[in-house]
Amino acid sequence: MHERHPRQQLRRFRNEILLPNVFRVFGWRHKTRDGYVRFLCPRCQEFNTAVNPKTNLGRCFGCERNYNPIDFVIEVQACDFREAIAYLSPLLPPPPRVSEA
Ligand SMILES: [Zn+2]
């Protein structure tokens, strides 16, 4: 399928690129309320949302949609999967260095 992006790499995109960071970089409206980061749902245009810091998923309680960073970029940029990965790549932290002792 996505042979250029092995499964483990995709997991890093979903888990290590924090959604609030994605909001910042894209200038997407968000705010912290009651200890949760809330963002404007790209579908509902409402703040009836929360980011779960444990799963790094943004949940909209209105349309009941979950957004991981890749889903979110696809939605707001109206782009495809490959383009979303390209947008997000600069946000990926460098992989942990494996010592070669
Ligand atoms: Zn929504």
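All ligand and atom numbering here is 1-based and tracks the order in the structure.
Taken together through direct or relayed side-chain contacts under 4.5 Å among Ile, Leu, Val, Met, Phe, Trp and Tyr, Phe23 and Leu57 form parts of separate hydrophobic clusters.
Considering every non-hydrogen atom in both Arg65 and Asp71, the closest pair reads NH2-CB, 3.8 Å. Contact detail for Leu88 and Ile17: the closest heavy-atom pair is O-CD1, 3.5 Å.
Under the 30°/60° scheme for interplanar angles, the aromatic rings of Phe39 and Phe72 are found to stand perpendicular.
Using a 4.5 Å heavy-atom threshold, the side chains of Tyr67 and Arg59 count as separate. Looking at heavy atoms from C-beta onward, Val25 lies out of side-chain contact with Tyr87 at the 4.5 angstrom threshold.
Inside a sphere of radius 2.8 Å centred on the Zn ion (ligand 1), the protein N/O/S atoms present are Cys41 SG, Cys44 SG, Cys60 SG, Cys63 SG.
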